Amino acid sequence: GNPGSDKTTLTFSGKKYVFAQIKDNLGNAYYDVSSGQDKFTSYFLPGNLRTIPLLNTSKEIIKNSNYFYLTFNPGESDIRYVDLLRVELKNNIPISKSFQDAITNESSLYALPIISCENSTNSAPVILLKNSTSSKIYDTQGCVIVEYLPQDVAKIRDILVYLMQGVDI
């Protein structure tokens, strides 16, 4: 197509985001998203992520935190999805935000601090990644629990990235 034909512009909280659809060598589509200095990639448009239950309180914690802990149980099955989420978030969150990887219990595989939901504070909330039988994002006492099915990992990733980038879901 002609340049710009695969671009969509959406506005969230007064900020414009340009979504340019790109296809990789295998024909898989993704979006290069830009808003001013912020650039990131996504796999779904925000409106296509509403199938995953997401509490408003969780949304606010994720959107408003400049520093947080991203923790997981190192003994969990399919740990590769957690590792993928950690890398994807590192590469796609805005420069103004950062997180500390952590684990919920001792592990010889990961030399990371031990952090659980009990450590969650307003200034440094905890986001717990958890392989589960359904996908949903909720919070309890300021700790955000991200439960996911393996087939929903790309959607979960996009929800977290969008919220951290200020995009409403």
Side-chain angles (χ1 to χ4, degrees), residues 10 12-15 17 33 35-107 109-150 152-169:
L10 300 171
F12 299 95
S13 308
K15 196 173 169 187
Y17 294 82
V33 188
S35 179
Q37 298 292 317
D38 297 319
K39 291 179 180 17
F40 58 97
T41 59
S42 67
Y43 299 99
F44 299 91
L45 288 172
N48 298 344
L49 296 169
R50 298 200 181 107
T51 53
I52 308 261
L54 168 64
L55 285 184
N56 277 333
T57 46
S58 305
K59 203 189 284 194
E60 291 308 307
I61 293 168
I62 296 167
K63 258 169 58 175
N64 298 328
S65 303
N66 287 328
Y67 180 81
F68 59 94
Y69 290 98
L70 191 66
T71 194
F72 62 97
N73 176 350
E76 193 166 276
S77 61
D78 277 336
I79 204 77
R80 65 183 186 274
Y81 295 115
V82 165
D83 288 337
L84 175 75
L85 284 167
R86 290 168 50 221
V87 169
E88 287 285 329
L89 285 180
K90 238 179 206 81
N91 294 336
N92 288 284
I93 63 173
I95 300 157
S96 60
K97 295 182 185 272
S98 64
F99 65 89
Q100 167 66 58
D101 287 304
I103 48 179
T104 55
N105 48 293
E106 288 281 335
S107 166
L109 299 174
Y110 297 93
L112 295 170
I114 294 176
I115 298 285
S116 67
C117 276
E118 286 76 62
N119 302 104
S120 199
T121 64
N122 289 340
S123 58
V126 171
I127 298 176
L128 172 64
L129 300 175
K130 196 171 166 186
N131 199 334
S132 188
T133 53
S134 65
S135 297
K136 57 181 180 263
I137 300 174
Y138 59 98
D139 57 278
T140 174
Q141 294 165 331
C143 178
V144 176
I145 297 156
V146 178
E147 293 189 11
Y148 63 88
L149 284 162
D152 288 335
V153 165
K155 282 186 173 182
I156 292 289
R157 171 238 184 257
D158 275 6
I159 290 170
L160 295 173
V161 168
Y162 277 140
L163 290 174
M164 290 174 193
Q165 289 283 1
V167 174
D168 268 320
I169 304 293

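Every heavy atom of this structure was used, including side-chain atoms; hydrogens, water molecules and symmetry mates were not. What you are looking at is a predicted structure, and each value in this text was computed from that prediction instead of being measured.
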Task: Which atom of Pro46 lies closest to which atom of Val167, heavy atoms considered - done: CG-CG1, 3.7 Å

Task: Minimum heavy-atom distance Asp158-Phe44, with the two atoms named - done: OD2-N, 2.7 Å

Task: Donor-acceptor pair between Tyr67 and Ser123 side chains, under 3.5 angstrom - done: no

- [ ] Look at the side chain of Asn73 and the backbone N and O of Thr104, then say whether any donor-acceptor pair between them is shorter than 3.5 Å.
- [x] no

Task: Distance, nearest 0.5 Å, that separates CG of Leu10 from OG of Ser35 - done: 11.0 Å

Open item on the list: Please find the pair of heavy atoms, one from Ser120 and one from Val126, that lie closest to each other, and give the distance.
Closed with: OG-N, 3.0 Å

Open item on the list: Pair Leu54, Ile52 - check side chain to side chain contact (heavy atoms under 4.5 Å, CB included), show working.
Closed with: CA-CA 6 Å; Leu54 168 64; Ile52 308 261; 5.7 Å; no

Task: Non-hydrogen side-chain atoms of Thr41 and Arg157 separated by less than 4.5 Å - done: yes

- [ ] Hey, could you give me the OG/OH distance between Ser13 and Tyr17, rounded to the nearest 0.5 Å?
- [x] 7.0 Å

Open item on the list: Would you say that more than 12 heavy atoms from the other residues, nucleotides or ligands in this model lie under 6.0 Å from the CG of Asn91, or not?
Closed with: yes

- [ ] For residues Cys117 and Ile145, determine if any side-chain heavy atom of one lies less than 4.5 Å from a side-chain heavy atom of the other.
- [x] yes

TODO: Would you check if Ile115 and Phe72 make a side-chain contact, meaning some heavy-atom pair closer than 4.5 Å?
DONE: no

Open item on the list: Regarding Lys59 and Asp168, does a basic nitrogen lie under 4.0 Å from an acidic carboxylate oxygen?
Closed with: no

TODO: Indicate whether any N or O donor in one side chain lies under 3.5 Å from an N or O acceptor in the other, for Asn66 and Ser96.
DONE: no

TODO: To the nearest 0.5 Å, tell me how far Ser77 OG sits from Asn131 CG.
DONE: 4.5 Å

Open item on the list: Does any part of the side chain of Ile93, heavy atoms only, come nearer than 4.5 Å to the side chain of Phe99, both counted from C-beta?
Closed with: yes

- [ ] Could you please spell out the steps behind the side chain to side chain contact (heavy atoms under 4.5 Å, CB included) verdict for Leu85 and Val153?
- [x] CA-CA 8 Å; Leu85 284 167; Val153 165; 4.1 Å; yes

Open item on the list: Could you check whether atom CD1 of Ile95 has more than 12 heavy atoms from other residues, nucleotides or ligands sitting under 6.0 Å from it?
Closed with: no

Open item on the list: Looking at every heavy atom in both Pro94 and Asp38, which two are closest together, and how far apart are they?
Closed with: CB-OD1, 4.0 Å

Open item on the list: Check this for me, if you would: do Asp152 and Lys155 make a salt bridge, where the nitrogen-to-carboxylate-oxygen distance has to be below 4.0 angstrom?
Closed with: no

Open item on the list: If we count only N and O atoms by modelled type, under 3.5 Å, do the side chains of Tyr110 and Asp83 hold a donor and an acceptor together?
Closed with: yes

Open item on the list: If you apply the rule side-chain hydrogen bond (donor to acceptor under 3.5 Å, both in side chains), what do you find for Asp78 with Tyr148, and how did you get there?
Closed with: CA-CA 11 Å; Asp78 277 336; Tyr148 63 88; over 6 Å; no

- [ ] Decide if atom NZ of Lys15 counts as having more than 12 heavy atoms of other residues, nucleotides or ligands within a radius under 6.0 Å.
- [x] yes

Task: Atom pair CG/CE of Leu89 and Met164 - distance to nearest 0.5 Å - done: 5.0 Å

- [ ] May I ask you to test the Leu129-Leu70 pair for a side-chain heavy-atom distance under 4.5 Å?
- [x] yes

Task: Nearest non-hydrogen partners of Gly142 and Pro125, listed with the distance - done: O-CB, 3.8 Å

Task: Reported CD-to-OG distance for the pair Glu76 and Ser107, which is rounded to 0.5 angstrom - done: 12.0 Å

Task: Polar side-chain atom of Lys97 near backbone of Lys63 as donor-acceptor pair, under 3.5 Å - done: yes

Task: With sequence neighbours excluded, residues passing ring-ring contact (aromatic ring centres under 6.0 Å, His included) with Tyr138 - done: none

- [ ] Could you walk me through whether Tyr162 and Phe40 pass the side chain to side chain contact (heavy atoms under 4.5 Å, CB included) test, one step at a time?
- [x] CA-CA 9 Å; Tyr162 277 140; Phe40 58 97; 3.7 Å; yes

Task: Validation row: Gln100, Pro113 side chains within 4.5 angstrom (heavy atoms) - done: yes

Open item on the list: Could you tell me if the side chain of Ile62 sits less than 4.5 Å from the side chain of Leu160, heavy atoms only?
Closed with: yes

Open item on the list: I need the Asn92 CG to Gln165 CD distance, nearest 0.5 Å.
Closed with: 7.5 Å

- [ ] Test side chain to side chain contact (heavy atoms under 4.5 Å, CB included) on Leu163 and Ile169 and set out the steps.
- [x] CA-CA 7 Å; Leu163 290 174; Ile169 304 293; 3.9 Å; yes

Task: Ser134 vs Lys136 side-chain heavy atoms within contact, under 4.5 Å - done: yes

Open item on the list: If I compare all heavy atoms of Ser58 with all of Asp139, which pair ends up nearest, and what's the gap?
Closed with: OG-OD1, 2.5 Å

